[in-house]
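Below: one structure, written as structure tokens.
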Amino acid sequence: MRSKVTTLSEAIAAHVLDGACVALEGFTHLIPFAAGHEIIRQGRRDLHLVRMTPDLIYDQMIGMGCASRLTFSWGGNPGVGSLHRLRDAVEHQWPAPLAIDEHTHAGVAAAYSAGAAGLPFATLRGYLGTDLPSVNPRIRSVDCPFTGERLAAVPALNPDVTILHAQRADRRGNVAMHGIVGAQREAAFAARALIVTVEEIVEELPPAMNGIVLPHWIVSAVAQCRGGAYPSYVHDHYARDNSFYQRWDAIARERDGFLAWMNRHVLASRDHATFLASLREVA
Amino acid sequence: MRSKVTTLSEAIAAHVLDGACVALEGFTHLIPFAAGHEIIRQGRRDLHLVRMTPDLIYDQMIGMGCASRLTFSWGGNPGVGSLHRLRDAVEHQWPAPLAIDEHTHAGVAAAYSAGAAGLPFATLRGYLGTDLPSVNPRIRSVDCPFTGERLAAVPALNPDVTILHAQRADRRGNVAMHGIVGAQREAAFAARALIVTVEEIVEELPPAMNGIVLPHWIVSAVAQCRGGAYPSYVHDHYARDNSFYQRWDAIARERDGFLAWMNRHVLASRDHATFLASLREVA
Amino acid sequence: MSDWTRDEMMTVAAARQLRDGCICFVGIGLPSAACNLARLTHAPDVVLIYESGTLGTRPDVLPLSIGDGELADTAACVIPLPEVFGYLLQAGRVDVGFLGAAQVDRHGNLNSTVIGPYDAPRTRLPGAGGATEIAAHARQTFVMLKATPRSLVAQLDFRTSGGFLEGNGARARTSMRGTGPQSVITDFGVLQPHPASEELQLSALFEGTTVDEARAATGWPLEVAATVETIAPPTKIELETLRALHARTREAHRRPVRLPA
Amino acid sequence: MSDWTRDEMMTVAAARQLRDGCICFVGIGLPSAACNLARLTHAPDVVLIYESGTLGTRPDVLPLSIGDGELADTAACVIPLPEVFGYLLQAGRVDVGFLGAAQVDRHGNLNSTVIGPYDAPRTRLPGAGGATEIAAHARQTFVMLKATPRSLVAQLDFRTSGGFLEGNGARARTSMRGTGPQSVITDFGVLQPHPASEELQLSALFEGTTVDEARAATGWPLEVAATVETIAPPTKIELETLRALHARTREAHRRPVRLPA
């Protein structure tokens, strides 16, 4: 059986094409920052980015001009405030116009679940009392064929590529994760291709009968990338750098400062290890 | 906080009423035999029984006249053959007529999931190429509001009572299980009342970040009942008694033999410990 | 001058709304502080649920994000997000939803999406997250926000989450399962819905605040309930617990994280 | 007389259909024996999925039920049943579905529900279980059954699972995602669908069986493919592996279980 182990740059080059619909998931925990940076380095354009919570990684990708559309449900810097680059794109079309497809968490979770299950749409008792359906034509309704109740419907999300970060994988490509899992499994099963970066690649995953495993046959590529979720975190490996999230507010507030930081730390670094080293220099 | 710990007979008396819709779930593993026997002892009638795989426990409950309706998707003695009491009820209305509401596993799983999520129906790409919709008016269709594709729809399953067996619970009623879980969690969340029998009640559940836990506020009653899944099994406690499943074929084949066995072992036993002791006597 | 701030009083007043043992869906920020203060004082058995899937969590410091590792470490269990919204919230298994917002209108509807027009916003806010469905399905909701005429508004720029909609029973005619916002806790006191019109009225004031102050901070002509309760000041235990929680939190969030190597 | 039984030959022939590395959804009984024989011989990396949620399982003895503890103990992981049917099968992530049935018709449709009328059955069979959706969504299916004119029938009493429906491309016009039954393995040989009519034809015979025998065991006028392959007898390794597997299984299922105390 062929190994699915590759490098991150090869995985991005092979699977993330200009114009693709790409979901980098991870709910606060396990956000695949290294993969997002590699997409920026490879200069992808016109991506349709999907994520429940865009977080700093999408702030960076949007600010660097990778995206033309964003599907999301909560776009802030958690506990800190705005995502300035996301706001600049929405409010002033800088560096490029960004179409937004805005949902609620429940709606995106249902849409990923439908995508994972191979269904064309999801039903939920959601979007009640909100103006969102008036600004998003993808929020529709369906009538229960038994009770007649009208419910909300959203189209399934099936990203061309989903990218996750996890604790570990084996050489066949089986991936194990634990801790907060958000809608990562659903985003993984919903995807046409699945790239996973991991803290470590092992010969055999530790036994975990009911553990959270992504089976190898849904995984397209696995790349080891220590620290690949930083400044997000990896349970039992490293903590969330809350102080970095707080500092990001100032870094990203102005266009020039943002570009300088991205050039200095992301573009000038050939990979994630170099990126982390560059942060250590200024620490 | 009030303890949810009670005895099995009190839990059945309080929550399982004549005419109720009751789901004893457990997919091969963790089948709540002790609870089913207690329902037989308490003489419940006119139950609407729900279970993906009726198994021996529903063969016994149906043969003892507890049920008037059965919702199911596979009704056999796994690896052995027929459930003779189920067949006798369907084929000859003995001991009472049994209406059947027949589905596929995928349909029941989806219906429990919809019930758990508080939705009135479930959508699946299912029941394709089968005659089941022609004999079950509860299998309908729904059109995708985005693609127009016609999909199958089934009504949510929301049992009045779901009954499960699990490895352990704490005094507040939090329940932990592991091993094969079937659609037990969905059946639990879908229920109006939830009774769980467990091998042991502990002060505090062992830590299990991503473990399978039923939180105390969805649990109505917990009763300790060692061996409560026998002749089914409890992972890490006791194995499935495959030879009993094989012997059941002869025990249940004729009405008289069946009644004699039930009288001798279930009705003459005041509880599950006595039932198990009565089996040891003939072993 | 009192020896507590209005922010502290607001948090204490909000915490007191939570009954022990209730199942509470917690928003980040002010609600998170209030819910944990309740847990650390009068409600040790409150079950706190964060939308990251951490159930029954007992954090020692307040999380900065809704999914800090602290929440998972101290949780009774962690479940996937689709189950949080499906099996718990939508299924009606949450007693209280505790929300913040940028704007609240007189019927308890919330805006956390945009200031200005949606297509050309003056300020783009984070958006709905879990709020829309929390507001719809929790058996009741509490809302916390600092009051100014720009936050307590006559007209929302965008309705992110439904409260009583247009009032007078409009909500009950929808499929929203919960009873809506039963208290809006501000930094002058508490607003509660009139039983018939469902318009928010002043129902309680903090010690040292006045009806005039409340009216000045409200962007619609604020009605006053038949009786306006005066909320007792924070007790020594409430204040010490809250300040210690905040001190631990500041310290933890300032602590440098060793970069992974 | 050969030194192997037809049952053994059928199981060996079925096992040979499985390619190494494929993702296979396993029915209980004959298919389970064939799939594990494949795993223990030429296909060590086949991924066996039982509908109980046990993925990548490597049982040492054959399970009696679809959810024996042995399957969980030796699985790569165990997932909930709704995910098995949703995320794997319905989503098109299963290569092969391996099914048994009581009746098969000339277009590979299956009956495992009733003999006789549904409302007044002569024999009530277990029903669909996972078969309907396995037949619909696995990329291809293999079917195993012992052939008699009562099992290979002109007309099903009930259609539990769809094969090629009425044939001639009828299946492709539905939302069934898989390509249907590519082989029906019996105890005389193998039937495969004609590419255009999609009627099952005799495509291979076991050594020592004849076309006449096959026709006598089939309830419709059986067509014979242009070339009929002769299936090589079981190898020594296949036979020894299968017999050892059955011996271990018999021994395990006979072993008394200590009643829980």
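The chains referred to below are lettered A, B, ... by the order of the sequence lines, with proteins before strands, and numbering in each begins at 1.
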Original post:
With distance as the sole criterion, is a donor-acceptor pair present between the side chains of A/His105 and C/Glu51 under 3.5 Å?
Top reply: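 Per modelled atom types, A/His105 and C/Glu51 side chains form a pair under 3.5 Å.
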**OP:** Would you kindly say whether A/Glu102 and C/Tyr118 are connected by a side-chain donor-acceptor distance under 3.5 Å?
**Re:**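 Yes, C/Tyr118 and A/Glu102 have a side-chain donor paired with an acceptor closer than 3.5 Å.
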Under 4.5 Å, counting heavy-atom pairs only, tell me which of [options] racks up the most with chain A.
options	answer
C/Ser52, C/Pro80, C/Gly127, C/Ala136	C/Ser52
C/Thr123, C/Val84, C/Thr54	C/Thr123
C/Asp119, C/Leu89, C/Val78	C/Val78
C/Pro63, C/Gly162, C/Ala252, C/Gly129	C/Gly129
C/Gly130, C/Gly116, C/Ser32	C/Gly130

Which one, [options], leads in non-hydrogen pairs under 4.5 Å with chain C?
options	answer
A/Val135, A/Asp236, A/Val181	A/Val135
A/Asn242, A/Val234, A/Thr28, A/Val108	A/Asn242
A/Pro54, A/Ala106, A/Ala229, A/Ser134	A/Ala106
A/Gln184, A/Arg280, A/Glu186, A/Glu149	A/Arg280

Can you tell me which portion of [X] sits under 4.5 Å from chain C's heavy atoms? Options are side chain, backbone, both or neither.
X	result
A/His92	neither
A/Ser113	side chain
A/Glu199	neither
A/Leu86	neither
A/Ala183	both
A/Phe72	side chain

Looking at every heavy atom in both [X] and [Y], which two are closest together, and how far apart are they?
X	Y	result
A/Gly182	C/Pro82	O-CD, 3.6 Å
A/Ile180	C/Ala72	CG1-CB, 4.0 Å
C/Ser65	A/Pro78	CB-CB, 3.6 Å
A/Arg240	C/Val257	O-CG2, 3.5 Å
A/Arg87	C/Arg122	NH2-O, 4.1 Å

Counting only heavy atoms not in [X], do more than 12 sit closer than 6.0 Å to its [atom1] atom?
X	atom1	answer
C/Arg258	CZ	no
C/Arg150	CZ	no
C/Gln155	CD	no

Does the side chain of [X] reach to within under 4.5 Å of the side chain of [Y], using non-hydrogen atoms?
X	Y	value
C/Arg177	A/Arg125	yes
A/Trp74	C/Ile66	no
A/Val90	C/Pro121	yes
C/Asp73	A/His235	yes

Between atom [atom1] of [X] and atom [atom2] of [Y], what is the distance when rounded to the nearest 0.5 Å?
X	Y	atom1	atom2	answer
A/Asp131	C/Ser161	CG	OG	10.5 Å
C/Ser175	A/Leu151	OG	CG	6.5 Å
A/Leu132	C/Thr113	CG	OG1	5.5 Å
A/Asp241	C/Leu259	CG	CG	7.0 Å
A/Leu83	C/Arg124	CG	CZ	10.5 Å
C/His137	A/Leu128	NE2	CG	5.5 Å

Original post:
Taking the side chain from A/Thr130 and the backbone from C/Thr160, do they hold a donor-acceptor pair closer than 3.5 Å?
Top reply: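 Indeed, once roles are kept as given, a pair shorter than 3.5 Å links the two residues.
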Original post:
Do C/Gln90 side-chain atoms and A/Gly126 backbone N/O form a donor-acceptor pair below 3.5 Å?
Top reply: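 Absent.
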